[in-house]
Amino acid sequence: QVQLVESGGDLVQPGGSLRLSCAASGSIFSINTMGWYRQAPGKERELVAHMSSGGSANYADSVKGRFTISRDNAKNTVYLQMTSLKPEDTAVYYCRAWITTLIPPRNTDYWGQGTQVTVSS
């Protein structure tokens, strides 16, 4: 089975930085898009950034210029470098990946369990 495991969430002061990681494991044939979403209390889950297997990235307007998504295809891992963090960035951050498996033959998306990012002084 496929698992996505996030790490890197923490409590950080406004203006600080964090790097999140998400590693995919299991019976993976290939991974297409990998991305990060977040959900703040009382709000809907929203896209933060995603990156295709070829390296094309897209960002939410609210994080452009502050967050950078990257991936290591050899390690099936996606990263989110977050800088100039603001209190409104506080949320649970989730990793999502579109993965093809051969056993069973399937092409679908998977979610991680989430990692808490809190920006507060």
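Only this structure's heavy atoms are used, side chains among them; waters, hydrogens and symmetry mates stay out.
- Here V48 sits in one hydrophobic cluster together with V2, L4, V12, L18, L20, I28, I31, M34, W36, M51, Y59, V63, F67, I69, V78, L80, M82, L85, Y93, I99, Y110, V117, V119; the rule is ILVMFWY side chains under 4.5 Å apart, joined directly or through other members.
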**OP:** Apply side chain to side chain contact (heavy atoms under 4.5 Å, CB included) to the pair Y37 and L47, showing each step before the final yes or no.
**Re:** CA-CA 4 Å; Y37 292 70; L47 172 69; 3.6 Å; yes
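- Taking every heavy atom of both residues into account, S121 and P14 meet most closely at N-CD, 3.7 Å.
- Residues in residues 95-121 take part in these salt bridge (charged side-chain N to carboxylate O under 4.0 Å, His left out) pairs, two or more places apart or across chains: R96-D109.
- Both V92 and W111 are part of a single hydrophobic cluster, where members link through side-chain heavy atoms under 4.5 Å apart.
- For S53, the side-chain contact (heavy atoms from CB on, under 4.5 Å) test picks out N32, R71, with sequence neighbours left out.
- Residues satisfying the side-chain hydrogen bond (donor to acceptor under 3.5 Å, both in side chains) criterion with S30, sequence neighbours excluded, are absent altogether.
- In the hydrophobic clustering (ILVMFWY side chains linked at under 4.5 Å, chained through shared members), V5 stands by itself.
- The salt bridge (charged side-chain N to carboxylate O under 4.0 Å, His left out) contacts involving residues 19-42 comprise R38-E46, R38-D89, where partners must be two or more places apart or lie in separate chains.
- In this structure, the side-chain contact (heavy atoms from CB on, under 4.5 Å) partners of D72, at least two apart in sequence or on a different chain, are A74, K75, Y79.
- Heavy atoms of other residues, nucleotides or ligands lying less than 6.0 angstrom from CD of E44 number 12 at most.
- Sorted by first then second residue, the disulfide (SG to SG under 2.5 Å) pairs that include residues 41-85, not counting sequence neighbours, number zero.
- Among pairs with a residue in residues 1-17, those fulfilling side chain to side chain donor-acceptor pair (under 3.5 Å) read E6-Q113, at least two apart in sequence or across chains.
- If you check the side chains of T83 and Q81, you find no donor sitting under 3.5 Å from an acceptor.
- Under the side-chain contact (heavy atoms from CB on, under 4.5 Å) criterion, Q39 pairs with R45, Y94, sequence neighbours left out.
- Here K64 pairs with D61 under the side-chain hydrogen bond (donor to acceptor under 3.5 Å, both in side chains) rule; sequence neighbours left out.
- Residues A40 and A91 share a closest heavy-atom pair of N-CB, 3.8 Å.
- Within 6.0 Å of CG in L102 there are more than 12 heavy atoms belonging to other residues, nucleotides or ligands.
- Partners of S27 by side-chain contact (heavy atoms from CB on, under 4.5 Å), not counting sequence neighbours: none found.
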